S.K.: 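I have a structure here, written as structure tokens, and I will follow up with some questions on it.
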Number of protein chains: 2
Amino acid sequence: MTARPAVDGSIVELCAVLGDETRWQILAVLGSRAASASELARELPVSRQAIAKHLELLAQVGLAERERAGREVRYRALGARLTELADHLETIGRGWEARLSRLKDVAEQLPRQ
Amino acid sequence: MTARPAVDGSIVELCAVLGDETRWQILAVLGSRAASASELARELPVSRQAIAKHLELLAQVGLAERERAGREVRYRALGARLTELADHLETIGRGWEARLSRLKDVAEQLPRQ
DNA sequence: ACGTCGTGCAAGCACAGGGTTGCAGGTCAA
DNA sequence: TTGACCTGCAACCCTGTGCTTGCACGACGT
């Protein structure tokens with residue numbers, strides 16, 4: 001709270017989580033079907049433990065959902081947080097562009113003199 | 001190219017760049033006005049060189065625009081890449097949700113028996 | 001009861017990257 | 001010309017983290 005939150009911290013956190021290739025590979029699978037860590041470890045070139053950590057992270061930020069199924073733990077991708085993030089980014093991006101076009105308008109008036 | 005691009009690599013790259021608090025602080029400023037590295041260094045709690053690296057990164061991925069003004073170099077935030085990214089994320093997120101609701105539909109039919 | 005399979009915890013390694021300091025070169029105004 | 005200011009390059013530190021291996025525990029099927 002000492003630094004004014006220029007941007008909602010969760011946006012930064014979400015982007016950071018999404019800034020990893022391996023996690024996208026995992027999400028790509030979880031987007032089409034639920035899978036466990038062991039399962040994913042068989043089709044991806046990383047160890048099960050590495051994947052388990054990624055899954056925990058994804059679940060923490062709400063990009064994936066954990067679900068016990070007997071002795072195994074399956075995960076599935078959740079789109080809500082992603083579309084939510086998309087909304088925020090779109091708003092911010094449009095804000096920047098709006099300022100830009102306003103600047104252009106001003107610039108076109110100055111050379112009048 | 002050895003790994004099939006489950007997701008456009010530039011998305012991962014963009015998210016990674018957006019996954020840093022300091023860069024968002026910089027973008028927050030550049031979104032409202034153009035500024036140089038030295039200028040930003042005065043209002044942010046990091047050195048000019050650190051900021052310069054961030055600015056170079058931001059320009060590389062198209063989130064900021066470099067512009068010489070005499071002896072100084074100003075940067076301004078660009079919204080295009082951000083809204084572009086937002087579109088992709090939204091599409092992906094909706095895809096996941098669509099699969100989810102399809103699963104639910106199926107699940108509601110099974111208990112019929 | 002047994003072997004198999006999936007999970008969880010822990011220690012540890014190695015690299016990327018965010019940050020710093022220091023110095024040299026250029027540009028502007030007085 | 002001189003001094004102030006901005007930029008660029010380079011070396012360096014250090015924390016975070018992505019990944020690994022190893023082991024113990026628990027659940028399942030035969």
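Chain letters run A, B, ... following the sequence lines, proteins first and then strands; every chain starts at 1. Since this is a predicted model, take the numbers as computed values, not measurements.
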S.K.: When rounded to the nearest 0.5 angstrom, what distance separates CG in A:L63 from CH2 in A:W24?
M.R.: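 A:L63 atom CG to A:W24 atom CH2 measures 8.0 Å (nearest 0.5 Å).
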S.K.: If the cut-off is 4.0 Å, is B:T22 near the phosphate of C:dG19, judged by side-chain N/O to OP1 or OP2?
M.R.: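 True: B:T22 side-chain N/O within range (under 4.0 Å) of C:dG19 OP1/OP2.
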S.K.: Check the distance between C:dG17's P and A:D20's CG and give it to me in whole angstrom.
M.R.: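 In whole Å, C:dG17 P lies 11 Å from A:D20 CG.
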S.K.: Starting the side chain at C-beta, find the nucleotide from D:dC6, C:dG19, C:dG6 nearest to B:V46.
M.R.: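 Among the listed nucleotides, the one closest to the side chain of B:V46 is C:dG19.
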S.K.: For the side chain of A:S47, starting at C-beta, report the closest nucleotide among D:dG18, D:dT21, C:dT20.
M.R.: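 Taking heavy atoms from C-beta onward, the closest nucleotide is D:dT21.
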S.K.: Return the nearest nucleotide to the side chain of A:R48; candidates are D:dG8, C:dG8, D:dC6.
M.R.: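 Per side-chain heavy atoms of A:R48, the pick is C:dG8.
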S.K.: Considering just the side-chain nitrogens and oxygens of A:S38, establish if one lies under 4.0 Å of OP1 or OP2 belonging to C:dT7.
M.R.: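 Answer yes for this pair, as a side-chain N or O of A:S38 is under 4.0 Å from OP1 or OP2.
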S.K.: Work out which heavy atom in B:A35 is nearest to a heavy atom in B:L30; give both atom names and the distance.
M.R.: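 In this case the closest contact between B:A35 and B:L30 is N-CD2, 3.8 Å.
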S.K.: Is it the case that the side chain of B:R81 and the backbone of B:V61 share a donor-acceptor pair, with hydrogens and angles ignored and the cut-off at 3.5 Å?
M.R.: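 Checked: pair present.
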S.K.: State whether the distance check finds a donor on one side and an acceptor on the other, under 3.5 Å, for side chain A:R74 versus base C:dG6.
M.R.: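 Flag unset: no donor-acceptor pair detected.
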S.K.: What is the distance, rounded to the nearest whole Å, between atom CG of B:L40 and atom C1' of C:dG18?
M.R.: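 B:L40 atom CG is separated from C:dG18 atom C1' by 16 Å.
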S.K.: Identify, between A:S36 and B:P45, the residue whose nearest nucleotide on DNA chain C lies closer to the 5' end.
M.R.: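 Nearer the 5' end of the strand: A:S36.
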S.K.: For B:E56, does the CD atom have more than 12 heavy-atom neighbours from other residues, nucleotides or ligands under 6.0 Å away?
M.R.: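 Check fails, neighbour count at 12 or below.
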S.K.: I'd like to know if the side chain of B:R99 reaches the main chain of A:G31, judged simply by a donor and an acceptor atom lying under 3.5 Å from each other, with no hydrogens or angles considered.
M.R.: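 The answer is yes, because a donor-acceptor pair under 3.5 Å joins these two groups.
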S.K.: Please tell me which of the listed nucleotides, C:dT20, D:dC19, C:dG18, lies nearest to the side chain of B:L57?
M.R.: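 Taking heavy atoms from C-beta onward, the closest nucleotide is C:dG18.
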S.K.: Can you find a side chain N or O atom of B:H54 that sits less than 4.0 Å from OP1 or OP2 on C:dG17?
M.R.: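 The answer is no; no side-chain N or O of B:H54 sits under 4.0 Å from OP1 or OP2.
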S.K.: Hey, does A:E39 reach any base, or is it just sugar-phosphate, or nothing, if we go heavy atoms under 4.0 Å?
M.R.: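 The residue A:E39 makes no contact with any strand.
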S.K.: I need the CZ-P distance between B:R23 and C:dG17, as an integer number of Å.
M.R.: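 In whole Å, C:dG17 P and B:R23 CZ are 9 Å from each other.
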S.K.: Return yes if the base of C:dG6 and the side-chain atoms of A:R68 contain a donor-acceptor N/O pair under 3.5 Å, otherwise no.
M.R.: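 There is none.
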S.K.: Identify, between A:I51 and A:G70, the residue whose nearest nucleotide on DNA chain D lies closer to the 5' end.
M.R.: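 Looking at DNA chain D, the more 5' nearest nucleotide goes with A:I51.
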S.K.: Assign A:R42 to base, sugar-phosphate, or nothing according to its heavy-atom contacts below 4.0 angstrom with the strands shown.
M.R.: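 Here A:R42 touches the backbone only, sparing every base.
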S.K.: Could you tell me how far apart A:E72 (CD) and D:dG29 (C1') are, to the nearest whole angstrom?
M.R.: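 Whole-Å distance recorded here is 14 Å.
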S.K.: Given the structure, check if the side chain of B:K53 and the base of C:dG18 hold any donor-acceptor pair shorter than 3.5 Å.
M.R.: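 When only heavy-atom distances are counted, B:K53 does not reach the base of C:dG18 through any donor-acceptor pair under 3.5 Å.
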S.K.: Nearest to the side chain of B:R71 - C:dG26, D:dT21, D:dG18?
M.R.: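 Closest nucleotide to the B:R71 side chain: C:dG26.
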S.K.: Closer than 3.5 angstrom, by distance alone: can the side chain of B:R66 be matched with the main-chain N or O of B:V73 as a donor-acceptor pair?
M.R.: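 No; zero donor-acceptor contacts below 3.5 Å.
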S.K.: Do A:Q49 side-chain and D:dG22 base share a donor-acceptor contact under 3.5 Å?
M.R.: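 It does, because a donor-acceptor pair links the side chain of A:Q49 to the base of D:dG22 below 3.5 Å.
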S.K.: Starting from P on D:dG16, measure out to CD on B:E21 and report it in whole angstrom.
M.R.: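 B:E21 atom CD is separated from D:dG16 atom P by 16 Å.
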S.K.: Just how far, in rounded Å, is C1' of D:dT7 from CD of B:E67?
M.R.: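 It works out to 16 Å between those atoms.
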S.K.: Report the distance from atom CG of A:L44 to atom P of D:dT20, rounded to the nearest whole Å.
M.R.: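 Result: 11 Å.
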